[in-house]
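Here is how names work: the chains are called A, B, and so on, in the same order as the sequence lines, proteins then strands, and each is numbered from 1. Predicted, not measured: the structure shown is a model, and the values here were computed from it.
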Protein chains: 2
Amino acid sequence: MIVTAFRPRREPNEVARVTATAAELLEVLWGRASTAPASASQTRVLFILEHHERVNLRTLAALLASTPPSTSRLCDRLQAAGLVEREVSPTDRREVLLRLSGRGRALLADLRVRRERALRDVLDQMSSADRLALRDGLEAFCAVAAVRIHDGADETGSRTA
Amino acid sequence: MIVTAFRPRREPNEVARVTATAAELLEVLWGRASTAPASASQTRVLFILEHHERVNLRTLAALLASTPPSTSRLCDRLQAAGLVEREVSPTDRREVLLRLSGRGRALLADLRVRRERALRDVLDQMSSADRLALRDGLEAFCAVAAVRIHDGADETGSRTA
DNA sequence: TATTGTTATACTCTATAACTATA
DNA sequence: TATAGTTATAGAGTATAACAATA
């Protein structure tokens, strides 16, 4: 559309809208594949522990944007399921360090296989040009988003707003 | 990579992987913005009702991949919050038809504004070329995914596998 | 005294089973 | 009798408040 040339400021809004729409569709698509045998909340913990090995409970709670009591109970169940392991910190006996177990890693790998299979069903129906555009656009998106998420994790601990 | 030219079958896998990564990042990004004042489950109902006006409770449960009792209670709370309205079907007095209230629609609009704002923070840091690639790729993705989701909704009622 | 984690209690969400009303 | 929806009951997830252990 010619409008785009006259109003370049509009373009990011367009992209935001289509990205949000894609995310909503994906939520439905993946919701059907489910995260079994772990719940969505438990899976979220596993994702975080994968990227923050040996984190303590309060930090994990902050990364989840949750509270220490909720996170403690979540870890109780994850530990009972053999997906997460607790360890008393060697430097501060008040702290508990969490980490993924081998089973936890295996569960994540399996989940990713199932999610990507669901994605493949959609991607296979797209043209090669559209797939390549999607790949390039998303790679750039991930690069920026990953940085923001790591920054945000630090802020979470300092203020709730 | 030259490999891509020799193994075109690999390319959709690459795209599936980067799409899955982007979705995981977005989950964290949007998880911080939250769906308040409605819960994630309640918001999911609102999204569905927006696209399936005057659906009955069993169909809504099927679309959620949930059960009638859970869905009934969910609607109790949504109705109490003034986000959803119940109506006895004029053709079958056993059936209850659900629909979004004006407040429900307003909540969805507000949520979308907040989510898109969070997206904008990421998109603004991308190059214009990357944003346009993302837009084109995602538009094609949405077109295909939307069709699959509507097909899948019909199957949900007939079998659980 | 401040910080880390847990326990106590309450509400939402989810499921299965039993029940009511209508077809 | 079959179907639509609700109620009964139980367990997971979340929150705030009160508590225990350690620094």
Counting C-beta onward and ignoring hydrogens, is there a side-chain heavy-atom pair between B:T21 and A:F141 closer than 4.5 Å?
no

Minimum heavy-atom separation for A:R86 and A:S72, please, with both atom names.
NH2-O, 3.0 Å

Roughly, in whole Å, what's the span from CG in A:L98 to C1' in C:dG5?
11 Å

Distance (rounded to the nearest 0.5 Å) between A:I48 CD1 and A:L100 CG:
11.0 Å

Counting just side-chain N and O atoms, does A:S72 come under 4.0 Å of either OP1 or OP2 of C:dT7?
no

Which nucleotide wins on minimum distance to the side chain of B:R93, given the candidates C:dG5, C:dT22, D:dA8?
C:dT22

D:dA12 phosphate, OP1 or OP2, under 4.0 Å from A:Q42 side-chain N/O:
no

At under 4.0 Å, does any side-chain N or O of A:R73 touch on OP1 or OP2 of C:dA10?
no

Starting from P on C:dT14, measure out to CG on B:D76 and report it in whole angstrom.
13 Å

Is A:S39 close enough to D:dG13 that one of its side-chain N or O atoms is under 4.0 Å from OP1 or OP2 there?
yes

Shortest side-chain distance from A:E95, nucleotide among D:dT14, C:dG5, D:dT6
C:dG5

Winner on side-chain proximity to B:P69, out of C:dT14, D:dT6, D:dA17, is D:dT6

Residue mapping more 5' on DNA chain D - nearest nucleotide basis, A:T91 or B:L57
B:L57

Nearest to the side chain of B:R58, which nucleotide is it out of C:dA17, D:dG5, D:dA21?
D:dG5

Could you measure the distance from the CG atom of B:L78 to the CG atom of B:L83? Nearest 0.5 Å is fine.
6.0 Å

Under 4.0 Å: is that the gap between some side-chain N or O of A:S66 and OP1 or OP2 of D:dG13?
no

Does a nitrogen or oxygen in the side chain of A:S70 sit under 4.0 Å from OP1 or OP2 of D:dA15?
yes

pair B:N56-B:S89: side-chain heavy atoms closer than 4.5 Å
no

From the set C:dC13, D:dT14, D:dT7, return the single nucleotide nearest to any side-chain atom of B:L74.
C:dC13

When you compare the side chains of A:S39 and A:S41, does any donor N or O come within less than 3.5 Å of an acceptor on the partner?
no

Which of D:dA23, C:dT14, D:dT14 is nearest the side chain of A:S41? It is D:dT14

By nearest atom, which of the nucleotides D:dT14, D:dG5, C:dT12 is closest to the A:R77 side chain?
D:dT14

Nearest-Å distance for atom pair CZ/P, residues A:R44 and D:dT14
8 Å

What's the closest nucleotide to the side chain of A:V96 if the choices are D:dA23, D:dA15, C:dT6?
C:dT6

Out of D:dT22, C:dC13, C:dA8, which has the shortest distance to the side chain of A:R94?
D:dT22

B:E87 CD to D:dA4 P, in whole Å, measures 18 Å

Please tell me if B:T67 has a side-chain N or O lying less than 4.0 Å from either OP1 or OP2 of C:dA15.
yes

